[in-house]
Amino acid sequence: MASRTASAAAHTTSGAATPASGSASGGSVRTDLRGRRQRSWRRHRKEYLLFLLLLSPNLVLIGTFEYWPVIYNAYLSLTRWNMLSGVPEWVGLDNYQYLLTSSNFQQVMMNTLLFTGTVVIGSVVLGLALAVLFNQRIKGRGLVRTAAFAPHIVSGAAVATLWLFIFDPNYGLSRVLLDPFGVASPRWVTDSDWALVSLIIVYLWKGVGFIAIVYLAGLQSMPEDVYEAAKIDGAGSWTTFRRITLPLLSPVTFFVMVITIIGTFQAYDMIAVMTGGGPGNATTTLSWYIYEQGFQASNAGRGAAGAMILFVILLIVTGLQTKFVQRRVHYR
Amino acid sequence: MDTPRGQGARPANPRTRPARDGSTMQRVLLYVALAFAALLFVGPLYWLFSSALKEPGEIYSFPPDWIPSSAHWENFSGAWNAAPFGDFFINSMIVTAGGAAIKLVNATLTAYAFVFLRFPFKNVIFLVMLGALMVPNNVTLIVNYITVSNLGWVNTYLGLIIPSAGSIFGMFLLRQYMMTLPREIVEAARVDGAGHMRTMWQVILPMCKPMLVTVGIIAVVDMWNDFIWPLIVTNTVEMRTLPIGLLYLRTTDGYENWGGIMAGTVMVALPMLILFLFAQRQIARGLTGGAVKG
């Protein structure tokens with residue numbers, strides 16, 4: 001849960017971290033002269049060795065379980081292999097060709113777009129609305145904020161199980177709430193028209209409180225002088241919000257979009273508990289497809305190719321975010 | 001880094017003023033909105049806890065009884081017996097404690113090295129390590145399974161823990177924190193003859209306590225809630241962790257009692273909810289760390 005948040009956070013901050021870290025090293029070893037470098041090796045050998053010693057466990061783990069997978073996954077995507085026996089068999093771009101032409105995979109991409117797109121829009125709109133509400137001076141906002149944030153740190157499997165019961169057409173809360181309006185509860189997760197909607201609702205319920213916290217932090221760090229100026233100019237509160245708050249919040253909005261996209265790509269627990277990708281393939285998203293191909297259909301190559309596609313999408317999204325955030329910094 | 005504070009963090013906030021000056025109508029609307037939000041988030045949670053304590057007769061009736069007539073604890077024992085929840089708990093505890101501990105140690109050692117030790121091109125190395133955050137777990141899933149399988153770690157605690165024991169974001173947060181510490185203190189300790197390990201242990205770590213707590217808690221929440229990796233790396237019921245065990249309970253043949261399933265859900269959710277109530281601020285800081293910098 002936090003790791004997906006984390007990755008986006010690092011995307012936003014890594015740019016800012018570089019200059020700061022430069023000052024920490026003191027630039028003591030920044031020189032082109034090889035001789036001096038050798039001398040500095042000798043002089044600081046103990047310190048260098050300690051550095052390597054402290055770093056090595058983490059470095060080995062990250063190398064083995066983060067970087068190596070990218071390389072090997074790229075290779076696997078060009079092979080056919082059942083992961084059980086034998087060795088990967090080279091098939092070139094066959095897997096990609098299959099994916100890009102298969103109507104099943106088009107459905108998967110459509111599901112991904114619908115799920116991720118709706119959740120992103122919902123997170124931004126509802127998260128911002130909640131944050132504005134929590135930023136008002138009203139009693140009880142602290143308690144509600146806590147209640148809204150809480151589902152975010154609860155296991156996705158638990159949240160999904162709870163909502164399965166809520167969505168139970170006969171005994172669930174959804175029937176209780178819809179009954180007074182004379183509406184029968186849909187068969188949420190078993191109806192292919194409603195299954196994806198159910199996932200979107202549950203994802204938003206779990207995540208939007210955290211998004212509100214992020215927005216709230218943004219709202220509270222706004223420069224006050226701009227608001228004073230707007231007030232003097234006689235701007236109403238809606239104009240102020242639309243013309244000042246929203247533009248100033250746009251880096252936060254971009255951050256929210258990126259962590260939400262990454263988050264929806266990790267929603268394995270919800271899909272596994274609520275729909276298992278079904279009915280049919282109504283809720284098979286790209287990430288679920290990767291899991292299904294790799295671990296249920298024993299088709300490592302096709303799963304790996306799906307993973308590469310996802311990786312490229314994510315790189316584009318984070319690249320756009322970085323670019324956008326940098327531009328904003330210059331703009332300010 | 002801006003962290004969400006308790007209420008009244010900035011009383012003179014200009015954006016809150018319209019509400020105070022606004023009409024009574026506006027205030028009423030705000031409270032209606034707040035009440036609606038409260039219902040939206042508390043309602044399902046109440047449904048969870050109350051259902052876990054209801055008798056089957058109270059669950060399978062319409063309209064339902066909102067308040068359980070008496071606490072029906074049998075739901076918990078029922079769930080506990082229908083699936084090996086004892087094993088699930090032990091596994092989750094071992095994996096969470098082990099994983100979070102190794103993560104924390106890794107984060108600390110790496111951050112200290114990056115901040116207080118000299119090494120050629122260490123900032124390049126730092127950025128390379130940080131770059132691993134760009135790798136989504138969707139990409140690592142298949143290959144890590146192959147790696148762990150080659151190591152013979154499938155269905156073992158090592159297999160559950162080690163692949164997520166590296167620390168990137170925690171290391172990043174701690175490094176940023178250590179960089180704000182006054183360097184004179186470190187130099188004073190060095191002059192007094194303390195080696196690096198002693199300086200780290202006795203001088204730096206005590207000063208980093210708030211950030212260590214944050215990094216540790218985030219790691220605990222992450223490990224406890226992890227789903228897809230424990231699902232693929234374990235293959236016997238006895239090695240499952242709680243989130244997987246909950247899925248197992250619900251799909252167990254003949255176990256269709258929502259009361260028992262909600263009791264199982266409470267067992268998975270409650271530990272993190274309790275942790276959250278005590279450490280909400282640290283969790284918020286850890287998760288939003290660096291988010292709002294513009």
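In what follows, chains carry the letters A, B, and so on, assigned in the order in which the sequence lines appear, proteins first and then strands, with residues in each chain numbered from 1.
Of the atoms belonging to A:Thr64, heavy atoms from both backbone and side chain fall under 4.5 Å from chain B. Proximity to chain A (any heavy atom under 4.5 Å) is shown, for B:Tyr60, by both the backbone and the side chain. Both the backbone and the side chain of A:Ile166 come within less than 4.5 Å of a heavy atom in chain B. For a residue to count as touching a neighbouring chain, one of its non-hydrogen atoms must lie under 4.5 Å from one of that chain's; by this rule A:Asn170 touches chain B with the backbone only. For chain B, no part of A:Ala74 is nearby; none of its heavy atoms comes within less than 4.5 Å. Looking at B:Ser61, the atoms closer than 4.5 Å to chain A (heavy atoms on both sides) all sit in the backbone: N, CA, C or O. For A:Leu286, no part sits under 4.5 Å from any heavy atom of chain B, backbone or side chain.
Minimum interatomic distance between B:Gln280 and A:Thr146 (heavy atoms only, all atoms of both residues): OE1-OG1, 3.1 Å. What you find for A:Ile153 and B:Val221 is that their closest heavy atoms are O-CG1, 3.9 Å. For the residue pair A:Ala150 and B:Leu273, the shortest heavy atom distance occurs at CB-CD2, 3.9 Å. Here the closest heavy-atom approach between residue A:Ala147 and residue B:Val42 is recorded as CB-CG2, 3.8 Å. Nearest heavy-atom pair, B:Val139 versus A:Ala307, reported as atom, atom and distance to 0.1 Å: CG2-O, 3.6 Å. Minimum heavy-atom separation, B:Ala113 to A:Leu55: CB-CD1, 4.3 Å.
Taking 4.5 Å as the limit, every side-chain heavy atom of B:Leu109 sits out of range of all side-chain heavy atoms of A:Asn58. B:Ile142 is not listed as a side-chain neighbour of A:Gln293, based on a closest heavy-atom distance of 4.5 Å or more.
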(message) Pair B:Phe116, A:Leu54 - check side chain to side chain contact (heavy atoms under 4.5 Å, CB included), show working.
(response) CA-CA 12 Å; B:Phe116 297 110; A:Leu54 295 185; over 6 Å; no
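Using modelled atom types, one finds a donor on one side chain and an acceptor on the other under 3.5 Å when comparing A:Tyr268 with B:Asn138.
Aromatic ring orientation, B:Phe119 versus A:Tyr48: perpendicular (interplanar angle above 60°, classes split at 30° and 60°). Between B:Trp258 and A:Phe165, the ring-plane angle classifies as parallel under the 30° and 60° cut-offs.
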